[in-house]
Number of protein chains: 2
Amino acid sequence: MQASPRRQPTLDEVAARAGVSRTAASRAINNNPHVSQAKRDAVQRAVDELGYVPNPTARALVTRRVGAVVLAVSSDEPTLFADPFFAEVTVGVSSFLEQTDLELILLLAHTPHGRDRLQRILSARRADGLMLMAVRGDDPLGQLAERTDMPVVFGGLPLHSTPRWYVDPDNRGGGRLAAEHLLRSGRRRIAMITGQVDLHACVARELGFREALTLAGAPLVALEVGDFTLPGGEAAMERLLTAHPDIDAVFAAGDNMALGALRALRRHGRGVPHDVALVGFDDLAGAPYAAPSLTTVHQPVRALGREMARMLVDAIDGQDPNPLILPTHLTVRDSAPEHRADQA
Amino acid sequence: MQASPRRQPTLDEVAARAGVSRTAASRAINNNPHVSQAKRDAVQRAVDELGYVPNPTARALVTRRVGAVVLAVSSDEPTLFADPFFAEVTVGVSSFLEQTDLELILLLAHTPHGRDRLQRILSARRADGLMLMAVRGDDPLGQLAERTDMPVVFGGLPLHSTPRWYVDPDNRGGGRLAAEHLLRSGRRRIAMITGQVDLHACVARELGFREALTLAGAPLVALEVGDFTLPGGEAAMERLLTAHPDIDAVFAAGDNMALGALRALRRHGRGVPHDVALVGFDDLAGAPYAAPSLTTVHQPVRALGREMARMLVDAIDGQDPNPLILPTHLTVRDSAPEHRADQA
DNA sequence: TGGAAATATGGAAGCGCTTCCAGTTTCCGG
DNA sequence: CCGGAAACTGGAAGCGCTTCCATATTTCCA
């Protein structure tokens, strides 16, 4: 390995030094079988001596493989990505890609201009594949993704269609778990705080939640809409408490909203879980640290990212991986214990 | 704009259609002055009709500009990036890059293999510039970054050297603010929870904190080491309470650690702020939602990312931007109010 | 009105790599 | 010792774009 030479050595120089043709050098470097061991060794030596590193751009030009994938998060508020949820997904994606030689291009498209950029990236084939997170019902990204011939993996289903490749947590099942748990612990005046209503995840969580309530013959006393943020959850809880002061349980479709709700409950002097039991969704890192610690539906966020990446890589390799639903489970903590008596 | 043609049109086809040479077409597209308006228009028309999008790879091959920058976060635990802090920085970076036509390559280098990848990216010039976050004292990335001839912007100073380009919050000043606040509110038995000791940010925060204590003639009763995580802060607080049950104030060098500490304090029945006042650092989104809400040193995290990106772009453009220290300020909330009496 | 200066133009040479294709060599069984 | 299969080898043709350079064309002022 040389100490940063002024100019990167090229394949030609490697070939010359190794005393082989450029073709042979290229083959040796790419493990193409049509080279003798002798040349292979000679090339290897030359590579080491020169500190040669193939120019990915030149390679991409001819192979038509860029060696990069895009993870796009579309939202109106730039803040969305700051949600630990996305960070965790990103970690998952990245941890899988680390095993490949694909790079991760992160695209936070929160303006029309940002979406244009994604559009351009797609039409210019600046990436080999695309992961799309949490597409809203009216998001043009959905159709945009359908039109490209680049493999696209959805993280979370879009609202109105079922794409070929997606990874989705079992939102419906998770919603059901939350309801069953609250019912089991004796709650009957149950409300819910959902997220953006045009997000499949919210619809599914609500659906599952309602399902279980209906099965038990319990009503959903009220439904308020938040936006997956702490202040959003807080405001929704405020509205809930104003309109229905007698509720004894709340299911928030996201931990952040649950944490926001917790604050509103605290301010209103409602004891959690004594007066009101609270269940979140996500099981983010902060959930055990809330006061009281948050009972929540756990979804494997990092695995979600990892599997999205794996699926995309498979798709790029010309396979046709199966869509994936990841299991959720309930993590019981203090904000909604098994039995009401535990806390009363 | 065509409906996704089987093959992307090339510059040659645009030129042919516009009835000009390829050279002229290229110039028209790149706003090179050496083209007549007439040809410019003709080319524009052809571009529109064909839905032509320049091939960035081919362009990069000749211009030697890749059109991408790397944001690298190096750490042993893959979890680090999941810290809302980094997510927020990323949002800042991304929001600036959105105005340019640079792409953001995210590299979470938490294994030796990950660092190799970064190394390869640098030597293969797969990016035009590099942003490096929170480099630890012994991190090989530091030297690696010095050896490359690609512009490198540091987010947070490295421990032992002062790079040419960096953006750093005023950690020392922030530490000072925390100490002054605690002293002002009448605390005297003060401890600190720092992060990794080979991180410049921690050293600087501690330095500032100690400075202000010394100036007031107050001792630093104890110092425990955490790792910027919730459990890390919790454990550090446990140790603190065991060894020094009489402390009446704690400064945690990060909000996550402060939140962890809060839990330990709660478990030990210590009232916050009545028995122990708690000050964090960062002012993450969750700080106002803790119970009690967290007094903390605010640092402009998103601005940090934005300025890193701006600085890098300037550096890539051949300018020599000045390093930047961003101001911090104290956000007073309930965990450490102005006056002890407020809460007693 | 005559050129010098300014402006426009396109041919051709690459950027660094992969890969087709047409040979050349090597290896064996007959 | 021969012929064909199998294994190598390297020349050359691009991938799609920018840009140098030499050549037109126009402009403008003395």
Side-chain angles (χ1 to χ4, degrees), chain A residues 5-44 46-47 50-68 101 120-121 123-128, chain B residues 5-44 46-47 50-68 101 120-121 123-128:
Chain A
R6 208 83 233 81
R7 207 181 49 78
Q8 290 288 337
T10 71
L11 186 57
D12 278 309
E13 297 171 54
V14 171
R17 176 148 197 147
V20 304
S21 72
R22 190 208 328 206
T23 308
S26 171
R27 284 180 180 139
I29 286 166
N30 294 304
N31 288 316
N32 180 306
H34 297 285
V35 208
S36 64
Q37 191 57 46
K39 303 218 164 189
R40 207 174 283 278
D41 293 343
V43 170
Q44 184 56 54
V47 165
L50 260 38
Y52 170 76
V53 181
N55 179 324
T57 305
R59 184 177 281 182
L61 185 57
V62 36
T63 60
R64 288 147 186 291
R65 284 268 197 131
V66 182
D101 50 0
R120 280 212 305 283
I121 288 184
S123 38
R125 294 208 76 85
R126 251 189 120 143
D128 299 323
Chain B
R6 208 85 232 78
R7 208 179 51 79
Q8 291 288 336
T10 71
L11 184 57
D12 278 310
E13 298 170 51
V14 171
R17 177 147 196 147
V20 304
S21 73
R22 191 210 327 210
T23 308
S26 171
R27 283 182 180 135
I29 287 168
N30 295 303
N31 287 317
N32 180 306
H34 297 283
V35 208
S36 65
Q37 191 57 47
K39 303 217 165 191
R40 208 176 284 279
D41 294 343
V43 169
Q44 184 56 55
V47 165
L50 260 39
Y52 170 76
V53 181
N55 179 323
T57 304
R59 184 176 279 183
L61 185 57
V62 37
T63 60
R64 287 149 185 291
R65 283 270 197 130
V66 183
D101 51 359
R120 279 212 305 281
I121 289 183
S123 39
R125 295 208 75 84
R126 251 189 120 143
D128 299 322

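What's counted below: heavy atoms across the whole structure, side chains too, no hydrogens, waters or symmetry copies.
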Visitor: Do B/T23 and C/dG11 have a side chain to base donor-acceptor pair shorter than 3.5 Å?
Guide: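 Per atom types, the contact qualifies.
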
Visitor: Among the nucleotides C/dT18, D/dC8, D/dC17, which one has an atom lying closest to any side-chain atom of B/R59?
Guide: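 Comparing C/dT18, D/dC8, D/dC17 against the side chain of B/R59, the answer is D/dC17.
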
Visitor: Could you verify whether a donor N or O on one side chain and an acceptor N or O on the other, from A/N32 and A/R40, lie under 3.5 Å apart?
Guide: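 Side-chain D/A pair, A/N32 to A/R40: absent.
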
Visitor: If you only use heavy atoms from C-beta on, which nucleotide in C/dA8, D/dT18, C/dT18 is closest to the side chain of A/V62?
Guide: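 Looking only at side-chain atoms, A/V62 lies closest to C/dT18.
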
Visitor: Compare side-chain N and O positions of B/T63 against OP1 and OP2 of D/dC17 and report whether any pair is under 4.0 Å apart.
Guide: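 So the side chain of B/T63 is outside the cut-off, no N or O lying under 4.0 Å from OP1 or OP2 of D/dC17.
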
Visitor: Take atom CD of B/Q8 and atom P of D/dC17, then tell me their distance rounded to the nearest Å.
Guide: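 Roughly 9 Å, once rounded to whole Å.
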
Visitor: Find the distance B/R22:CZ to D/dC17:P and express it as a whole number of Å.
Guide: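 The distance from CZ of B/R22 to P of D/dC17 comes to 9 Å, rounded to the nearest Å.
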
Visitor: What integer distance in Å separates A/N32:CG from C/dC17:P?
Guide: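 After rounding, the reported distance stands at 16 Å.
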
Visitor: Are the side chains of A/E13 and A/L50 in contact, using a 4.5 Å heavy-atom criterion?
Guide: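 Yes, their side chains come closer than 4.5 Å.
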
Visitor: Check the distance between C/dC17's C1' and A/R65's CZ and give it to me in whole angstrom.
Guide: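 That distance rounds to 16 Å.
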
Visitor: Between B/T10 and D/dG16, is there a contact of a side-chain N or O with OP1 or OP2 at under 4.0 Å?
Guide: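 Negative; the distance criterion is not met.
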
Visitor: For B/R64 and for B/R27, locate the closest nucleotide of DNA chain C by heavy-atom distance; then report the residue assigned to the nucleotide nearer the 5' terminus.
Guide: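 This one resolves to B/R27.
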
Visitor: Check the phosphate of C/dA8 against B/K39, side-chain N and O only, distance under 4.0 Å to OP1 or OP2. Yes or no?
Guide: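 It does not, given that no N or O in the side chain of B/K39 lies less than 4.0 Å from OP1 or OP2 of C/dA8.
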
Visitor: Nearest whole Å is fine: how far is C/dG11 P from B/L11 CG?
Guide: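 In whole Å, C/dG11 P and B/L11 CG are 13 Å from each other.
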
Visitor: Whole angstroms only, please: what is the CG-C1' distance between B/N55 and D/dT18?
Guide: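 The distance from CG of B/N55 to C1' of D/dT18 comes to 13 Å, rounded to the nearest Å.
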
Visitor: State whether B/N30 places a side-chain N or O below 4.0 Å from either non-bridging phosphate oxygen (OP1 or OP2) of D/dT18.
Guide: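 B/N30 to D/dT18 OP1/OP2: side-chain N or O found under 4.0 Å.
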
Visitor: Would you indicate, yes or no, if C/dA8 has its OP1 or OP2 atom less than 4.0 angstrom from a side-chain nitrogen or oxygen of B/S36?
Guide: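 Checking B/S36 against C/dA8: no side-chain N or O falls below 4.0 Å of OP1 or OP2.
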
Visitor: Taking the minimum atom-to-atom distance to the side chain of B/H34, which one of C/dT9, C/dG10, D/dG10 wins?
Guide: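 Among the listed nucleotides, the one closest to the side chain of B/H34 is C/dT9.
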
Visitor: Going by atom types alone, do A/R126 and B/N55 pair a side-chain donor with an acceptor below 3.5 Å?
Guide: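 A/R126 vs B/N55: no donor-acceptor pair found between side chains.
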
Visitor: Please tell me which of the listed nucleotides, C/dC17, D/dC8, D/dG16, lies nearest to the side chain of B/L61?
Guide: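 Selected nucleotide: D/dG16.
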
Visitor: Is any side-chain heavy atom of A/L11 closer than 4.5 Å to one of A/S26?
Guide: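 They are in side-chain contact.
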
Visitor: Rounding to an integer number of Å, can you tell me how far B/R40 CZ sits from C/dT7 C1'?
Guide: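 One finds 12 Å between C1' of C/dT7 and CZ of B/R40, rounded.
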
Visitor: In whole angstroms, how far is the P atom of C/dC15 from the CZ atom of B/R125?
Guide: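 Going from CZ in B/R125 over to P in C/dC15 covers 17 Å.
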
Visitor: Can you check side-chain contact (heavy atoms from CB on, under 4.5 Å) on A/V20 and A/V14, steps first, answer last?
Guide: CA-CA 9 Å; A/V20 304; A/V14 171; over 6 Å; no

Visitor: Heavy atoms from C-beta onward define the side chain here; which of C/dG10, D/dG16, D/dT19 lies closest to that of B/A58?
Guide: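 It is D/dG16.
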
